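Data block below; observations after.
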Amino acid sequence: MEIIKIERKVLAKNDAIASEIRGKFEENGVFAINMVSSPGSGKTSLVEKIIEYFSGRVNISVIEGDVQTDLDAQRVSAYNVPVVQIITNGGCHLEANLVNDSLKNLDLVQTDLLIIENVGNLVCPAGYDLGEDMKVVVISVTEGDDKPLKYPKMFINSKVLVINKIDLLPYVNCNIEQLKQNALKINPALQVFEVSCTSGEGVGKFCDFLESSI
Amino acid sequence: MHELSLAQNIIETVKQNVTADELTKVREVIVEVGAFSGVVADSLKFSFEAITSGTELNDAVMTIVDIPFCLKCNDCGNETSTEIPMLLCSICGSSNTQILSGDELRVKELKIAEE
Ligand SMILES: Nc1nc2c(ncn2[C@@H]2O[C@H](COP(=O)(O)OP(=O)(O)O)[C@@H](O)[C@H]2O)c(=O)[nH]1
Ligand SMILES: [Mg+2]
Ligand SMILES: [Zn+2]
């Protein structure tokens, strides 16, 4: 049999579009984060907190990714920031072409910080570059301290870990030190922040870090 | 999981690399799947078979080459392979490491039947 060498990444097309997006971000001075987590860890709540914290100082735009409904975009638009909803219709993650299309509806020149809230899923979004500067993985203390070991790729590919819902620590069986230790074993370079979107604790520290990266 | 869309990507890549005449003669598509690529190999194969059945690629089978996770420590020099991929060296605890393999998801080569 004749052998034809290919040596091509299966996601090469996605990666090419992601590079194109990255170019647009650089050109327009946009700092972009790709926020990933399980459903319900508090991504949208954190987006709301970030907007409140920076209100008036930093121009924020938001891309919301969901399998169905524009409920999250509705929540975010109440804060008077530009927001675009991507509905994946069953798709378990955002892909670069969807993000690229949605950029047509945003003014990148007027954006300092772009927050992309990915579809709630700790597996699939890990492999898809969206042109972001960093992935921020959110985990809530109600999910248990073993999740970094179960979803290592997401933690390897993220720069920042936000541990949310620390207000619930007294009520749940989650050893936060163990959680951090597990995460840092998987990826020792992770920047870790502990926050509560309900009480606001720790949100300022995380936002200051974001601001220093912009 | 999204193995179906990955299988579609793979078929597109195959089509871009062979002539129309060669397409029906593709017998094997060899894909490298790393241990932490996040892809379920069986499900990828299943998807490939499902969408090529009855098409020009009907006679092509997908062969998966599993690539293990392998980490090199720049401090102690050891190359290790832990079951769970972790970037912390399991021998000396250093974080000064690099991934040698394990995140691949790549179409490696095609085998084409000759006349
Ligand atoms: N107790 C507590 N609940 C929170 C916190 N952050 C978010 N929640 C709640 O968790 C649920 C899911 O939050 P949401 O932001 O929609 O999560 P998403 O699915 O990741 O976007 C909502 O009911 C929030 O009110 C927190 O810090 N503490
Ligand atoms: Mg949400
Ligand atoms: Zn070592």
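As a basis for the values below, the full set of heavy atoms in this structure was taken, side chains included, without hydrogen atoms, waters or symmetry mates. Fair warning: this is a prediction, and the values are worked out from it, not measured in the lab.
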* Report the C-alpha distance between A:N118 and A:I116 in whole Å, list the side-chain angles of each, state the deciding distance to 0.1 Å, and finish with yes or no for side chain to side chain contact (heavy atoms under 4.5 Å, CB included). => CA-CA 6 Å; A:N118 216 313; A:I116 304 170; 5.5 Å; no
* Asked: Looking at B:V107, B:N17, B:L6, which one has more heavy-atom pairs under 4.5 Å with chain A than the rest?
  -> B:V107
* Value rounded to 0.5 Å, distance of OG in A:S37 from NZ in A:K135 -> 14.0 Å
* To do: Supply the atom-to-atom distance A:E132 CD to A:S158 OG, rounded to the nearest 0.5 angstrom.
  => 9.0 Å
Contacting moiety of [X], where chain A heavy atoms sit under 4.5 Å:
| X | value |
| --- | --- |
| B:S5 | side chain |
| B:I84 | side chain |
| B:E22 | side chain |
| B:E12 | side chain |
| B:I99 | side chain |

* **Worked check of side chain to side chain contact (heavy atoms under 4.5 Å, CB included) between A:V47 and A:D72** => CA-CA 10 Å; A:V47 172; A:D72 281 359; over 6 Å; no
* Under the 3.5 angstrom rule, does the side chain of A:D66 hit a backbone N or O of A:Q68 as a donor-acceptor pair? -> no
* To do: Could you walk me through whether A:I50 and A:L113 pass side chain to side chain contact (heavy atoms under 4.5 Å, CB included), step by step?
  => CA-CA 10 Å; A:I50 296 170; A:L113 173 63; 4.1 Å; yes
* To do: Check side chain to side chain contact (heavy atoms under 4.5 Å, CB included) between A:S213 and all other residues, then give those that pass, not counting sequence neighbours.
  => A:F31, A:M134, A:F209
* Asked: Are there more than 12 heavy atoms of other residues, nucleotides or ligands under 6.0 Å from atom CD of B:E83?
  -> no
* To do: For residues 37-82 of chain B, pull every pair meeting ring pair (Phe, Tyr, Trp, His ring centres under 6.0 Å), keeping only residues two or more places apart or in separate chains.
  => B:F36-B:F69
* Asked: Going by heavy atoms in the side chains, are A:I63 and A:L130 under 4.5 Å from each other?
  -> no
* **Min side-chain heavy-atom separation A:I186-A:L149 under 4.5 Å** => yes
* Residue-level interface, residues 1-10 of chain A with chain B, non-hydrogen cut-off under 4.5 Å -> A:M1, A:E2, A:I3, A:I4, A:K5, A:I6, A:E7, A:R8, A:K9, A:V10
* Structure fact -> Listed by number, the residues in residues 16-30 of chain A that come under 4.5 Å of chain B (heavy atom to heavy atom) are none
